[in-house]
There are 2 protein chains.
Amino acid sequence: MKNNCSLCDYKSAAAQKLTQEELKHLAPNCVTVKFKKGDTIIRQGTYSTNVAYLKKGLVKIHIDGPYHVQVVRIVKPRNYLGLPTTFGDKINQYSVTAIDESEVCFIDISTFRQMLQLNPDFTNQIMLELCKSELESYQKCVNRTQKQIRGKLADVLLDFSDNIFKSDTFTINVTQEDLGNLVDASRESVSRVMAEFSKDGIIEVKGKHVKILDKDSLKLISKKG
Amino acid sequence: MKNNCSLCDYKSAAAQKLTQEELKHLAPNCVTVKFKKGDTIIRQGTYSTNVAYLKKGLVKIHIDGPYHVQVVRIVKPRNYLGLPTTFGDKINQYSVTAIDESEVCFIDISTFRQMLQLNPDFTNQIMLELCKSELESYQKCVNRTQKQIRGKLADVLLDFSDNIFKSDTFTINVTQEDLGNLVDASRESVSRVMAEFSKDGIIEVKGKHVKILDKDSLKLISKKG
DNA sequence: AAATAAATGTGATTTACATCACAAGAAAAG
DNA sequence: CTTTTCTTGTGATGTAAATCACATTTATTT
């Protein structure tokens with residue numbers, strides 16, 4: 001697909017720091033690829049050759065653990081997907097899979113490096129994002145290991161509502177097994193807790209469609225476990 | 001303390017990319033501070049105003065979790081301590097405490113930013129380290145949540161032996177409570193597992209002094225749980 | 001539309017740890 | 001050197017959540 005990065009409506013915060021000149025140079029060195037639900041965008045263990053950037057859709061980042069997969073996080077558009085794995089290691093340390101139909105822009109790594117060399121504002125923004133996501137991953141890990149399932153599921157529901165879908169009603173295109181892998185619980189436990197939340201009138205579930213009825217209760221459960 | 005960064009024997013991989021000129025500029029903008037065992041180097045919740053770099057000693061990075069502290073990791077010299085917390089947020093998102101007597105170099109953040117602007121090799125190295133540590137934190141989180149205590153303790157002992165002390169005998173200046181917070185277990189469980197490892201002839205413990213007798217067993221336990 | 005596969009719901013059972021409770025050692029403070 | 005505080009060891013008890021085992025519902029394929 002022929003690109004014109006200058007006109008791209010989905011520029012990252014970092015790319016917005018680039019000059020017209022630099023964007024013109026970027027255009028021939030990146031490709032946009034569409035993925036269907038369930039498609040693998042990045043596969044753990046393969047060589048990482050490009051920086052991936054999510055323009056549209058929704059994806060999950062996941063790692064093969066010693067016993068089962070762990071879903072590290074759900075990522076929404078306007079975020080880079082493979083920065084640490086592209087820069088930090090030649091081999092991808094995690095997989096990325098489309099949850100909804102998605103559009104990903106793959107940027108040639110040496111071109112990306114050139115941008116870093118040329119434009120300090122760009123670099124600064126990228127570093128900021130790297131740092132933020134590292135801090136976030138520390139915090140997430142603490143919650144994962146210390147909170148119990150009810151609290152973690154409440155967190156996830158709040159995250160979906162507040163950050164990802166920005167709405168009290170949303171459709172989660174992931175199985176309960178995925179949710180389990182996201183909060184380090186078995187799918188049975190997820191099922192039970194979701195049923196409990198429903199029964200208590202905190203959420204309303206119709207298939208994959210979720211409506212949050214009582215956000216305050218969720219916040220309380222998130223805090224108190 | 002008056003600095004001469006050019007002559008510094010503890011330069012980071014990144015700082016080694018700096019020119020004499022740049023090092024000269026760096027010198028008046030950083031201070032080296034000594035810390036005794038138990039001293040707080042960075043305190044979660046306070047403003048972060050400097051980049052911290054560990055020259056000598058040993059420190060732990062820890063976060064206050066919802067129920068108890070989590071020791072994120074033990075850091076050995078020639079590593080930055082506060083990059084994500086300094087760049088990613090105005091407020092420190094974690095604490096750093098000296099485990100052994102330590103020397104930390106505090107670098108003024110605007111000077112550090114200048115280096116990033118001036119020297120792309122420096123920047124590249126810093127970014128590499130950021131990415132690596134993010135990947136590492138993903139991996140650690142997976143292990144933390146999926147392995148059981150025996151496996152996690154084996155990991156820690158192997159990490160001490162292979163990476164931190166680079167010796168089969170070492171002195172861990174941390175309590176079993178700390179070890180518990182490092183592997184997400186109670187201090188009682190740590191005590192029990194250590195006793196078990198001792199009984200099985202895998203390690204020899206005399207107070208805080210540990211000798212690894214059977215590394216292969218540890219590796220096996222690390223893998224199989 | 002029928003057949004097959006995938007995802008969920010729910011009870012019964014098991015388990016790895018936490019927590020509690022207290023004893024005994026080791027360090028630090030007086 | 002003695003007292004107090006911190007750290008460790010070890011049993012008994014409790015518990016959140018995994019696992020097992022099916023039943024049932026919802027998708028997908030043919």
Side-chain angles (χ1 to χ4, degrees), chain A residues 36-39 60 65-71 97 99-100 143-156 171-200 203-210 221-222 224-225, chain B residues 36-39 60 65-71 97 99-100 143-154 156 171-200 203-210 221 224-225:
Chain A
K36 284 203 299 293
K37 185 193 156 195
D39 286 352
K60 59 176 176 182
Y67 296 104
H68 36 83
V69 167
Q70 179 174 88
V71 175
T97 304
I99 290 176
D100 293 335
N143 284 334
R144 270 190 133 110
T145 52
Q146 291 189 20
K147 282 190 182 176
Q148 46 196 84
I149 299 183
R150 283 163 48 88
K152 290 190 276 187
L153 254 183
D155 278 347
V156 164
T171 305
I172 23 172
N173 249 321
V174 293
T175 64
Q176 292 189 349
E177 172 128 45
D178 274 319
L179 284 179
N181 291 335
L182 182 59
V183 299
D184 300 299
S186 68
R187 62 145 264 272
E188 292 95 326
S189 296
V190 171
S191 173
R192 273 184 259 262
V193 174
M194 292 292 274
E196 195 194 323
F197 284 178
S198 269
K199 188 174 63 69
D200 294 352
I203 57 173
E204 190 182 285
V205 185
K206 276 196 194 114
K208 302 233 180 271
H209 198 73
V210 176
I221 293 169
S222 157
K224 304 276 163 164
Chain B
K36 285 203 300 291
K37 185 193 152 193
D39 285 352
K60 61 176 175 182
Y67 296 103
H68 34 83
V69 167
Q70 179 174 87
V71 175
T97 304
I99 291 174
D100 293 335
N143 284 332
R144 268 189 135 112
T145 52
Q146 291 190 18
K147 281 189 184 178
Q148 47 196 84
I149 300 182
R150 284 163 47 87
K152 291 190 275 187
L153 253 184
V156 164
T171 306
I172 23 171
N173 248 322
V174 293
T175 64
Q176 292 189 347
E177 172 129 43
D178 274 319
L179 284 180
N181 292 335
L182 183 58
V183 299
D184 300 298
S186 67
R187 65 143 262 271
E188 292 95 327
S189 295
V190 171
S191 172
R192 275 184 257 260
V193 174
M194 293 292 273
E196 194 194 323
F197 284 176
S198 270
K199 189 173 64 65
D200 295 351
I203 57 173
E204 191 183 286
V205 185
K206 275 194 194 119
K208 301 231 181 272
H209 198 73
V210 176
I221 293 169
K224 303 275 162 163

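All values reported here derive from a predicted model rather than from experimental measurement.
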Using whole Å, report how far OH of A:Tyr67 lies from C1' of D:dT19. 15 Å
Need one value for A:Lys208: base, sugar-phosphate or nothing, where a base atom within 4.0 Å counts as base even if backbone is also close, heavy atoms only. sugar-phosphate
Separation of atom NZ in B:Lys152 from atom P in C:dA16, rounded to whole Å: 14 Å
Give, for atom CZ of A:Arg150 and atom CD1 of A:Ile221, the distance between the pair rounded to the nearest 0.5 Å. 4.5 Å
Whole-Å distance, B:Glu196 CD to D:dG9 P, equals 13 Å
Would you indicate what B:Thr175 reaches in the nucleic acid, counting non-hydrogen atoms under 4.0 angstrom: base, sugar-phosphate, or nothing? sugar-phosphate
Counting side-chain heavy atoms from CB outward, which of D:dA18, C:dA18, D:dG9 is closest to A:Ser189? D:dA18
Nearest 0.5 Å, please: how far is CD in A:Glu177 from CD in A:Glu188? 8.5 Å
Between B:Glu177 and A:His68, which is nearer to the 5' end of DNA chain D once each is assigned its nearest nucleotide? B:Glu177
Side-chain (B:Gln146) to main-chain (A:Tyr67) donor-acceptor, under 3.5 angstrom: yes
Could you please spell out the steps behind the side-chain contact (heavy atoms from CB on, under 4.5 Å) verdict for B:Lys152 and B:Asn143? CA-CA 7 Å; B:Lys152 291 190 275 187; B:Asn143 284 332; 5.6 Å; no
Taking only side-chain N and O atoms of B:Gln176, does any of them lie within less than 4.0 angstrom of OP1 or OP2 on D:dG9? yes
Which of B:Lys208, B:Lys60, B:Arg187 passes salt bridge (charged side-chain N to carboxylate O under 4.0 Å, His left out) with B:Asp178? It is B:Lys60
Just call it for B:Asp178: base, sugar-phosphate, or nothing, with non-hydrogen atoms closer than 4.0 Å on any strand. nothing
Classify B:Ser186 by what it touches in the nucleic acid, base, sugar-phosphate, or nothing, heavy-atom distance under 4.0 Å. base
Picking from D:dT19, D:dT8, C:dC17, the nucleotide nearest the side-chain atoms of B:Arg187 would be D:dT8
Value in whole Å for how far the P atom of C:dG9 lies from NZ of A:Lys199: 15 Å
Please report, rounded to the nearest Å, how far the C1' atom of C:dT15 is from the CD atom of B:Gln148. 9 Å
Checking all strands, does A:Ser191 fall into the base, sugar-phosphate, or nothing category for heavy-atom contacts under 4.0 angstrom? base
Round to the nearest Å and state the distance from A:Arg144 atom CZ to D:dA17 atom C1'. 16 Å
Expressed as a whole number of angstroms, how long is the span from A:Lys147:NZ to C:dA18:C1'? 20 Å
Separation of D:dT19 atom P from A:Ile149 atom CD1, nearest Å, is 11 Å
5′-ward residue of the pair B:Glu188/B:Lys37 relative to DNA chain C: B:Glu188
